[in-house]
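Step one of this worksheet: look at the structure below.
Reckoned from all heavy atoms, side chains included, excluding hydrogens, waters and symmetry mates.
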Amino acid sequence: MTVFLVGSGPGDPGLITVRGLDLLRRAEVLVLDRLAGPELPLEAPAGCLVIDAGKAPGRVAMTQDEINACLVEHGRAGRFVVRLKGGDPFVFGRGSEEAEALHAAGVPYEVVPGVSSAIAAPSAAGVPVTHRGLATHVTIVTGHEDPAKPETQTDWASLARASGTLVLLMGVGRLAGIADALVAGGRDPRTPVAIVERATSPTQRVTTGDLATIAATAAAAGVSSPAVTVVGDVVAVRDAIGWAERVPLAGRVVAVTRPRAQADGLSRRLADLGARVVQAPLIRTEPVPGDPIDAAAYDVVVVTSPNAPALLLERIGGDARALHGVEVAAIGPATATALREIGVVADLVSERAVAEALLDLLAERAAGRRILIARAEEARDLLPEGLAAQGAEVEIAVLYRTVPVVPDSEAALGADAVAFTSASTARAFAAAFAGRDLDGVRGVAIGPATSAAMRELGIPVAAEAADHDLDGLVAALVELLG
Ligand code: SAH
């Protein structure tokens with residue numbers, strides 16, 4: 001087996017390569033970098049051994065030798081090892097040392113390139129690193145070396161004379177010395193500079209100035225690592241291009257609290273409008289194991305959530321034909337869609353995704369029929385009791401349960417808005433942040449039931465969707481934040 005040194009891209013989990021994501025989803029051992037971000041590791045399969053080698057300042061972390069030894073050890077043991085590294089593995093970040101250690105130990109490895117922050121951070125801020133007429137070359141430099149030290153390996157004077165774009169990685173604290181060295185070497189003190197912190201993440205921030213002013217401006221703004229500094233006339237192009245500012249939710253941070261499995265549609269729509277989406281899943285669904293279901297033993301199978309169809313299919317033996325001749329009822333259109341994905345067209349679909357609506361549809365035809373309700377462990381009893389009261393023979397198949405997830409609270413509470421798609425996510429939110437001050441939260445609800453739950457829980461309702469579906473929710477967010 002091979003060790004894969006995979007570039008994770010600059011921060012946005014959507015910017016990893018297709019090959020990198022495919023490997024990540026098959027990893028047996030995942031060794032993380034501090035820059036890898038919170039979301040990509042969630043793509044690793046259940047049971048994957050996750051080792052956080054992150055070198056966060058002030059936190060005890062593995063030394064480079066320990067990381068190398070760890071990669072060699074798991075590689076030698078024949079495991080499928082993914083070493084996820086921020087940006088591109090071979091742009092700083094010591095990926096080459098890891099490759100050398102693997103090579104020396106005779107462990108086969110492969111390097112999967114990534115989108116480097118050196119290019120992506122300027123680009124995300126609207127700065128092209130090259131431009132016809134402004135910069136014919138770009139130099140990527142470590143800001144780690146103090147220009148004032150005699151042993152510096154970087155020839156700042158010649159970098160100052162070369163007219164192209166300079167991209168500095170690391171060393172935001174040495175900005176003053178570097179700017180001085182560039183000016184002393186002959187660069188115009190009015191050369192524009194942009195610093196991009198946490199590029200492509202929900203908290204990206206851009207600070208601008210020129211070589212004469214940038215160190216003071218950055219200090220006043222509290223600029224901190226990770227940040228990329230770009231120096232050159234191309235920085236001025238930013239205003240002309242301004243691509244990130246032209247979309248309705250540009251630069252706005254929206255937290256999406258849906259369970260991960262369902263979050264993608266909403267997150268994607270918001271991202272397409274320019275929002276930076278924080279996925280703060282507060283609950284996730286976990287299958288509950290159970291005996292095989294003999295679908296033919298029932299007249300009606302009631303499916304009560306979009307999570308249920310895939311799990312139901314497994315329980316009935318993986319073949320949708322087992323439902324042949326059985327009436328299938330779905331709670332709301334989203335559940336009907338999930339059923340279609342397993343090749344089943346529901347016979348009955350309630351308009352709204354609430355138990356009351358489905359009970360209304362089924363009540364008249366319930367008497368004397370054998371009805372199976374496929375649902376979550378913690379579901380309400382309204383449906384089974386209501387159907388039994390009409391004379392049906394009701395059985396319940398518990399397919400899954402929802403379990404709480406510890407969210408990235410700073411990102412969720414710091415968002416410009418938090419989108420709530422159900423009363424249950426509102427309850428999970430309140431539980432996750434019990435004891436925290438929620439007054440500053442700008443909650444946006446999909447509909448009145450969600451709003452009511454939010455108010456009861458002390459979550460401020462800044463807006464409520466006029467149409468109670470995802471399109472309506474997105475429209476309400478655009479109206480509030482756009
Ligand atoms: N291999 C990485 C760089 C590792 S060195 C790459 O190709 O991007 C670490 C430095 O990268 C940080 O100090 C910072 O300068 C830069 N960096 C990485 N991710 C960044 C991000 N999202 N925003 C700004 N700078 C980033």
Side-chain angles (χ1 to χ4, degrees), residues 7 9-12 15 86-88 90-92 113-145 147 154-172 174-201 203-219 221 223-247 250-251 274 276:
D12 177 342
L15 295 177
D88 180 87
F90 279 178
V91 177
F92 300 119
V115 176
S116 176
S117 65
I119 311 295
S123 154
V127 176
V129 289
T130 67
H131 188 284
R132 208 158 59 90
L134 288 178
T136 58
H137 64 262
V138 50
T139 311
I140 301 169
V141 193
T142 169
H144 210 70
E145 295 198 318
T154 311
D155 183 350
W156 293 99
S158 68
L159 287 176
R161 277 191 307 275
S163 56
T165 305
L166 271 183
V167 176
L168 301 168
L169 267 61
M170 303 179 278
V172 279
R174 284 187 197 79
L175 207 55
I178 291 170
D180 285 350
L182 291 172
V183 172
R187 277 264 169 138
D188 186 339
R190 281 161 306 173
T191 307
V193 181
I195 308 176
V196 192
E197 295 169 87
R198 299 174 298 276
T200 76
S201 86
T203 56
Q204 169 174 314
R205 180 173 70 157
V206 184
T207 305
T208 52
D210 60 28
L211 275 180
T213 61
I214 193 68
T217 308
V223 166
S224 66
S225 175
V228 164
T229 303
V230 50
V231 179
D233 294 333
V234 288
V235 171
V237 176
R238 179 163 189 254
D239 300 326
I241 293 182
W243 65 272
E245 276 105 53
R246 299 256 160 85
V247 278
R276 302 192 179 281

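- Side-chain contact between Asp88 and Val115 is absent, with no heavy atoms from C-beta onward closer than 4.5 Å.
- A distance of 9.0 Å separates CG in Leu168 from CD1 in Ile195, rounded to the nearest 0.5 Å.
- Within the 4.5 Å cutoff, the side chain of Pro122 has heavy atoms near those of the Val228 side chain.
- Nearest heavy-atom pair, Val172 versus Ser225, reported as atom, atom and distance to 0.1 Å: CG2-N, 3.8 Å.
- Nearest heavy atom pair, residue Gly126 against residue Pro128, reads O-CD, 3.6 Å.
- Applying the salt bridge (charged side-chain N to carboxylate O under 4.0 Å, His left out) rule to Arg132 yields no partners; only residues at least two apart in sequence or on another chain are considered.
- Residues satisfying the side-chain contact (heavy atoms from CB on, under 4.5 Å) test with Pro226, not counting sequence neighbours, are Leu35, Arg198.
- When the side chain to side chain donor-acceptor pair (under 3.5 Å) test is applied to Arg205, the partners found at least two apart in sequence or on another chain are Glu197.
- Under the side chain to side chain donor-acceptor pair (under 3.5 Å) criterion, Asp210 pairs with Thr213, not counting sequence neighbours.
- Every side-chain contact (heavy atoms from CB on, under 4.5 Å) that Asp12 has, sequence neighbours left out, goes to Leu15, Thr200.
- The two residues Val129 and Ala118 make their nearest non-hydrogen contact at CG1-O, 4.2 Å.
- The two residues Met170 and Phe92 make their nearest non-hydrogen contact at CE-CG, 3.7 Å.
- Between Thr130 and Val234, the closest side-chain pair of non-hydrogen atoms is not below 4.5 Å.
- Partners of Ser201 by side chain to side chain donor-acceptor pair (under 3.5 Å), not counting sequence neighbours, listed by chain and number: Thr203.
- Counting all heavy atoms, side chain and backbone alike, Ala218 lies closest to Leu175 at CB-CD2, 4.0 Å.
- Using a 4.5 Å cut-off on side-chain heavy atoms (C-beta onward), Leu169 and Thr142 make no contact.
- Ala181 and Pro147 make their closest contact through CB-CB, 3.8 Å (heavy atoms, listed as atom of the first residue, atom of the second, distance).
- Residues that satisfy the side-chain contact (heavy atoms from CB on, under 4.5 Å) test with Val206, not counting sequence neighbours, are Ala125, Ala194, Val196, Gln204, Thr208, Arg238.
- Using modelled atom types, no side-chain atom of His144 and backbone atom of Gly171 make a donor-acceptor pair closer than 3.5 Å.
- By the 4.5 Å heavy-atom criterion applied to side chains, Val231 and Thr229 are counted as neighbours.
- By the side-chain contact (heavy atoms from CB on, under 4.5 Å) test, Ala160 is found to be paired with Leu182, Arg187, residues two or more places apart in sequence or in another chain being considered.
- Every residue two or more places apart in sequence or in another chain that forms a side chain to side chain donor-acceptor pair (under 3.5 Å) with Asp188 is listed here: Arg190.
- In this structure the side chain of Val230 never reaches within 4.5 angstrom of the side chain of Leu166, judged on heavy atoms.
- Sorted by first and then second residue, the pairs that involve residues 157-168 and meet side-chain hydrogen bond (donor to acceptor under 3.5 Å, both in side chains), not counting sequence neighbours, are Asp155-Ser158.
- Two residues are said to be in side-chain contact when any heavy atoms from C-beta on lie closer than 4.5 Å; Leu159 and Thr139 meet this criterion.
- For the pair Leu211/Val193, a side-chain contact is recorded, criterion being any heavy-atom separation below 4.5 Å from C-beta on.
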